[in-house]
Amino acid sequence: MSKDERGRPTRRGEPYMDEPEAKPFWAACREHKLTAQRCSSCKKIFGFPPQAFCPHCLATEYEWVALSGKGTVYSQIAYHRSWHPTYQDKIPYNVSLVDLQEGGRLVTNIVGCAPEEVKIGMPVEVVFEDFPDYTLPKFRPVK
Amino acid sequence: MANISGKYCIVGIGETVVGKRPDATTNSLHLEAIKACLDDAAIKNSQVYGLLTNQPLNDSHRSYAVKLAHMAGINPLFATDLALGGATPIAMVQHAVMAINAGMATTVVCVHARKRSTADPTPGHPIRRGDEHWEEPWGHFAAAGGHAFAASRHMYEFGTRSEDLAEIAISTRKHASLNKNATMRKPITLEDHQTSRMIVAPLRLLDCSLESDGGGAVLVTSAERARDFPKKPVAILGMGQHHPHFSLLDAPTLTTLGGKKSSEMAYKMSGLGPKDMNFAQIYDCFTITSLITLEDYGFCKKGEGKDFVKNGRITIGGQLPLNTHGGLLSQAHLEGQLHITEAVKQLRGNEVEPERQVANAQVGIVSGHGGSLAMHATLILGAL
Ligand SMILES: [Zn+2]
């Protein structure tokens with residue numbers, strides 16, 4: 001385990017692909033589809049991270065549904081300091097909270113524009129960035 | 001339900017020297033805080049029957065409280081670790097009150113220490129924050145980021161500016177400059193704040209708290225027993241908690257936090273309101289945290305924090321002195337443990353440097369805040 005200058009373990013910085021409840025989400029991302037759990041009982045979107053029971057009504061039945069990929073920026077920030085070696089050459093970079101149209105929120109990045117062009121309330125749509133072992137949903141401004 | 005307002009007291013406090021403590025360990029800092037607290041209360045370890053603590057960030061394991069109790073020669077009838085991040089020190093006092101009220105212990109020591117400024121080579125398993133694997137893949141790593149989200153949204157909803165947040169940093173630093181046991185004592189100006197480097201926009205370096213070595217402890221007992229202790233007892237008048245979300249992903253809003261309901265509960269228990277407070281020790285991991293909490297606590301309306309903090313109102317001598325010790329921003333970041341000990345010192349009177357004593361301090365409010373702006377706890381304390 002690598003450590004930082006104060007002896008603390010370096011952050012992982014990658015998703016856990018083997019988290020049982022989240023496996024279908026990451027598999028769909030690999031196919032460039034944004035999905036979420038929808039409760040079979042109350043019909044609400046669970047939100048993230050995925051979990052076994054509906055957080056609204058505690059029902060156990062749900063289905064994975066495809067989302068529109070549309071959302072709105074709830075808040076946005078720009079990291080000017082790197083907490084992880086892979087971000088050293090990326091600062092300053094945007095991180096945003098995107099509220100999805102059907103419900104649920106993701107921590108994500110707005111791509112396709114400069115960090116200072118990202119605005120709260122901005123409509124955005126999903127794009128996918130492929131890495132060797134996983135695919136991340138990110139968002140771009142709706143033109 | 002019987003109201004327990006005023007029936008339990010803090011009768012001892014301990015603070016270690018804070019800042020860089022390269023020769024100390026996390027374990028030794030906890031012991032140092034306990035010893036200082038028991039000395040202040042003039043009580044032996046064998047007369048303490050309960051211990052509450054928070055798991056060290058560098059060493060999570062089964063019951064740190066029981067380990068620590070036995071390291072300190074305490075044979076506890078009541079002990080547990082609490083885990084509410086920066087709301088933990090206040091929650092410990094609340095749990096101590098509940099345990100004593102339930103007859104499970106007569107005297108409970110609540111202790112919290114951290115070693116985050118210098119390395120601690122003591123072996124251990126680091127604790128997880130929770131849900132970081134849904135944040136870190138997109139480059140969100142730091143508490144500064146979570147609080148920057150709140151600041152960014154607060155600016156969008158209410159027109160709050162970075163210059164408004166600076167008021168909190170400047171006033172808090174002024175208080176630290178008067179505190180011999182504070183890490184950052186050189187006064188700062190608006191220009192210093194505005195030219196300090198951006199960490200996570202919109203938060204600059206001087207919006208961020210310190211990383212510190214140190215610890216603190218308080219001893220809680222009943223009001224009847226409090227008379228047997230040498231120092232002036234400080235009564236616990238009101239208590240509250242609220243935890244409206246866990247992560248940024250399920251937060252209904254980032255501009256009103258758990259402080260609203262938590263303070264409402266504490267005000268109700270105490271029969272007091274914001275206007276009765278002589279000072280406020282408000283959790284300040286970032287300037288925005290204090291601004292939002294001042295609004296949530298009803299010192300001003302939501303969105304008006306930016307005006308409330310101006311014109312010396314939050315500085316000693318003003319209407320509501322805020323973080324009279326220098327807070328997490330400038331004294332030391334020990335998850336707010338020293339917000340509690342400072343409140344006790346202010347209410348005892350004659351225990352802090354005269355320049356930072358709040359005149360006629362009778363009642364004060366203390367807040368704790370933890371996790372991804374998720375956990376909140378409130379104490380209202382009063383001089384007896
Ligand atoms: Zn449901």
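Order of the sequence lines fixes the chain letters, A, B, ..., with proteins taken first and strands second; residue numbering starts at 1 for each chain.
- B/Trp138 places no side-chain N or O within 3.5 Å of a backbone atom of A/Leu106 that could act as its donor or acceptor partner.
- Around the NZ atom of B/Lys260, the shell of radius 6.0 Å holds no more than 12 heavy atoms that belong to other residues, nucleotides or ligands.
- With A/Tyr93 contributing its side chain and B/Gly139 its backbone, the two residues share a donor-acceptor pair below 3.5 Å.
- Within 6.0 Å of CD in B/Glu191 there are 12 or fewer heavy atoms belonging to other residues, nucleotides or ligands.
- Separating the NE2 atom in B/His140 from the OH atom in A/Tyr79 is a distance of 4.5 Å, to the nearest 0.5 Å.
- Without hydrogens or angle criteria, B/Arg197 side chain to A/His80 main chain gives no donor-acceptor distance under 3.5 Å.
- Only the backbone of A/Ser96 has a heavy atom closer than 4.5 Å to any heavy atom of chain B.
- Put simply, the side chain of B/Val200 reaches to within 4.5 Å of the side chain of A/Trp83, judged on heavy atoms.
- Atom CD of residue B/Glu157 and atom OG of residue A/Ser75 lie 9.0 Å apart, to the nearest 0.5 angstrom.
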Practice task
Could you go through the side-chain contact (heavy atoms from CB on, under 4.5 Å) check for B/Arg153 and A/Ile120 one step at a time?
Solution key: CA-CA 7 Å; B/Arg153 185 75 196 185; A/Ile120 292 175; 3.2 Å; yes
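- Checked by atom type and distance alone, the side chain of A/Arg105 never pairs as donor or acceptor with a backbone atom of B/Asp250 at under 3.5 Å.
- Of the residues considered (A/Gly47, A/Pro50, A/Ala22), A/Pro50 shows the highest number of contacts with chain B, using heavy-atom pairs under 4.5 Å.
- Environment of CE in A/Met122: crowded, with over 12 heavy atoms of neighbouring residues, nucleotides or ligands closer than 6.0 Å.
- For a residue to count as touching a neighbouring chain, one of its non-hydrogen atoms must lie under 4.5 Å from one of that chain's; by this rule A/Phe25 touches chain B with the side chain only.
- Neither the backbone nor the side chain of A/Glu129 comes within contact range of chain B; no heavy atom of the residue lies under 4.5 Å from a heavy atom of that chain.
- The aromatic rings of B/Phe141 and A/His84 sit parallel, their planes meeting at an angle under 30°, below the 60° perpendicular limit.
- Counting heavy-atom neighbours within 6.0 Å of B/Lys302 NZ, excluding the residue itself, gives a total above 12.
- Counting heavy atoms from C-beta outward, A/Pro15 and B/His133 have side chains that stay 4.5 Å or more apart.
- One finds the CD1 atom of A/Ile77 at 8.5 Å from the CG atom of B/Leu203 (value rounded to the nearest 0.5 Å).
- For a residue to count as touching a neighbouring chain, one of its non-hydrogen atoms must lie under 4.5 Å from one of that chain's; by this rule B/Asn58 does not touch chain A.
- Other residues, nucleotides and ligands contribute only 12 or fewer heavy atoms inside 6.0 Å of the NZ atom of B/Lys301.
- Scanning all heavy atoms of the two residues, the minimum distance from A/Val107 to B/Leu249 falls at N-CD2, 3.4 Å.
- Counting heavy-atom pairs closer than 4.5 Å to chain A, the top-ranked of the candidates B/Ala144, B/Gly145, B/Pro202 is B/Gly145.
- In this structure, chain B has heavy atoms under 4.5 Å from both the backbone and the side chain of A/Tyr74.
- The aromatic rings of B/Trp134 and A/Phe48 lie parallel to each other, with less than 30° between the two planes, well short of the 60° mark.
- For the options B/Ala151, B/Ala148, B/Pro137, B/Ala251, heavy-atom pairs under 4.5 Å to chain A are most numerous at B/Pro137.
- Of all heavy-atom pairs spanning A/Gly13 and B/Glu136, the tightest one is N-OE1, 3.2 Å.
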